[in-house]
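Sequence lines set the chain letters: A, B, ... in the order given, protein chains first and strands last, and positions in each chain run from 1.
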Amino acid sequence: MDFTLSPEHEMIRKTVRDFAEREIRPVIKELDRQHTFDRSLLPKMAAIGLLGICIPVRYGGAGMDYLSLALACEELERVDTSARVIMSVHVGLNSLALFQWGTEAQKQRYLVPQARGEQIAAFGLTEPGAGSDVAALTATARREGDHYVLNGEKMWISLAGVADNFLFFAKTDPRAQPPHRGISAFIVERRFPGVTTGSIHGKLGVRAGDTGWIHCQDVRVPAENLLGREGEGFKIAMSALDNGRYTVAAGAVGLIRACLEASLYYARQRQTFGVEIGRHQLIKRMIGLMVQREQAARLLVYRAGWMKNQGLRNTRETSLAKWYACDAAFESASDALQIHGAYGYSDEYDVERYLRNARGAIIYEGTREVHLLMQADYALGYRSDAPLRCELPAYDADIWQAEANNW
Amino acid sequence: MHAIVCLKQVPDTAELPKVEPADVMQGTLKVTRVVNPWDEYAIEEALRLKEAHGGKVTALTLGPAEATEALRAAVAMGSDEAVLLSDPAFGDGDAWTIGYTLAQAIRQIGQYDLVLCGKETVDGNSGLTAATTARYLSIPLLTCVIKIREVDFTAHTITVERLVEEGLEVVSAPLPAVVAVIKGINEPRYPSFRGIRTAARMAIPVWGMGDIAGLEADKASEAAAAVRWTNIRKPPARAAQCEIIEADTVEEQARILADRLLAAKVI
Ligand SMILES: Cc1cc2nc3c(=O)[nH]c(=O)nc-3n(C[C@H](O)[C@H](O)[C@H](O)COP(=O)(O)OP(=O)(O)OC[C@H]3O[C@@H](n4cnc5c(N)ncnc54)[C@H](O)[C@@H]3O)c2cc1C
């Protein structure tokens, strides 16, 4: 067993940390206050390779491993959740799904520009009437010659107002039994006639992020934009979530780190009853718990990343990491706010933003309840993972980093 | 075009409060080490010259084995080659021994058009190494450079803008020359992930005393240094007061600030 990060990983961590400190930290408070998504961040993220970090060079990516994706998410969310969300949907939920399930033509057409950051991608699964119960989704896709005609509405979609391409889940067979077998996945471009999007306002957190809805009204999608096979949509969505949840969990580790850093600083500055508040046992308890949560969450995330690198199925481990890390992040943010007293309750300090941002992750990419039930079902033997027709490829540095013409 | 960038690994200034004088004396700093911020401008400027004129960039540093990390950072940004000068005998040199050693190493690296470096380091703050290196190379020295106006690699000339107290000074010099740059000359790029990959795998040569042709040990070693650090202290903490001027408009804030500065006879 080896817990050391490679020099490459250390350099990635430092680069993303510097990037977040220089590009996000100075503006985030105001963006969050104004509920504004900063589009100018995307080309900057693309320039250093973040938007295709763990995609092979041959497909326009930077050719790093899955652990690098976690490190990047951790460092981004250490500063703000909105930047990590970009990685979760663009890389985790969309691009990695194309990489795992796409045909060579789909990869050339969509994955390459996405990995280079020339096009931005989002993931449309949730509907106004279907969240945890994915099989209850009602969007439809009707085959007409060499096209599918899509109808339906997606809700709570991150980057809905920004993305060029969407993974859109719809039922090709609304009468299928069990219902999830009727779901298929489509690559939908924003410019297809009949696609409209809008933003959702009034969110508790991730206010510097873009969250919205996508509406498809008789949208004609070429048949070659079907990802995987008809009826494979549910499996594709779940495998995409294995990657999305991984990025959310990694980000949560960064958020805990941010809470800890803020708390350590404040606990040594603020004095009550003649001593630094860090000297009070009840403050120590909150600090100690934050340390415990940060380390435990990170180990769970790194194990999931290691499994991805090895090409091992990690639905169970990723779910556990996501569940634990997101709950731990919320608890840590709440404790960090408590340590800051009234100042923590004001947006002069960052911890109230951490608290609001941490709350969402207990809902999206599988609610806390969904993950708890999954873990219990695995333990009880009520649930197991059958092999997929297309597994996420194991990481291979030589293949990932080979230039296009060497293949 | 071949630009050689001299850079130094220094403590991250954000962690300066953690630095203890005893650790400095013993050379056992427990802080994060980074590329000297001014040297990052030098790397960026070299990379821009390469992008405009073709050629290559070589990063050069003198320091302990860990200083390879600083060279890797330069490679991750886009430098093509890197050389570490490291030998216990170099020890804690001063600007003369270091300038001498860098100059000899630069000669050994071979043909070059330009040596770029930062104005000074954030740890030593002498700002002398550029000068001593230029002196030992017997080439012109251009300091406080805020802009490279023109470089002609066929006519071997360079024209720069120097930011001096009196204003901007435009100076031309023949190449090769040592150019020490200041903040404001550019905005250093982030390392790219591709650069990081190259950097992580690069085998960076390490040259000790015996590996540099013509290097005279009695000029390069710590013993030759004319400067000794005998007593390092932290300056006493200054009791400063910070006041934030609040007003409805920026103009109003500026007016209050100006009044306050006039009253304090600062302006
Ligand atoms: C900021 C944000 C960004 C999002 N981004 C995206 C995105 O990019 N793409 C996307 O497709 N979706 C996205 N979502 C949607 C998110 O994935 C869903 O909100 C989530 O899956 C939960 O669905 P729901 O909100 O419909 O809640 P519901 O499924 O209606 O659940 C309501 C409550 O019931 C509980 N519950 C449900 N079923 C059970 C059960 N069987 N047993 C016990 N308890 C149960 C839930 O845990 C929850 O507490 C986003 C949401 C947010 C808040």
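Atom CZ of R13(A) and atom CD1 of I196(B) lie 12.5 Å apart (nearest 0.5 Å). Between F193(B) atom CZ and I12(A) atom CD1 the span is 5.5 Å, to the nearest 0.5 Å.
Other residues, nucleotides and ligands place more than 12 heavy atoms under 6.0 Å from the NZ atom of K44(A). Annotation for K183(B): atom NZ does not count as buried by contact number, only 12 or fewer foreign heavy atoms lying within 6.0 Å. Heavy atoms of other residues, nucleotides or ligands lying less than 6.0 angstrom from CD of E150(B) number 12 at most. Within a 6.0 Å radius of CZ in R22(A), more than 12 heavy atoms belonging to other residues, nucleotides or ligands are found. A 6.0 Å sphere centred on CG of D248(B) holds no more than 12 heavy atoms belonging to other residues, nucleotides or ligands.
The side chain to side chain contact (heavy atoms under 4.5 Å, CB included) check on R33(A) picks up K29(A), E30(A), D347(A), E348(A), with sequence neighbours excluded.
Under a 4.0 Å N-O distance rule, the pair K14(A)/E69(B) does not qualify as a salt bridge. Under the 4.0 Å criterion applied to side-chain N and carboxylate O atoms, E403(A) and R194(B) are assigned as salt-bridge partners.
Residues Y190(B) and V16(A) form no side-chain contact, since every pair of their non-hydrogen atoms from C-beta on lies 4.5 Å or further apart. Between V57(A) and R197(B), the closest side-chain pair of non-hydrogen atoms falls below 4.5 Å.
For E10(A), no part lies near chain B; criterion is any non-hydrogen pair under 4.5 Å. With a 4.5 Å cut-off on non-hydrogen atoms, M64(A) touches chain B through its side chain but not through its backbone.
Between A76(B) and M11(A), the shortest heavy-atom distance links the atoms CB-CE, 3.7 Å.
At a heavy-atom cut-off of under 4.5 Å, chain B is reached by no residue from residues 111-118 of chain A.
The choice from S192(B), A200(B), A199(B), P191(B) that makes the most heavy-atom pairs within less than 4.5 Å of chain A is P191(B).
No side-chain donor-acceptor contact under 3.5 Å links R72(B) to the backbone of P7(A).
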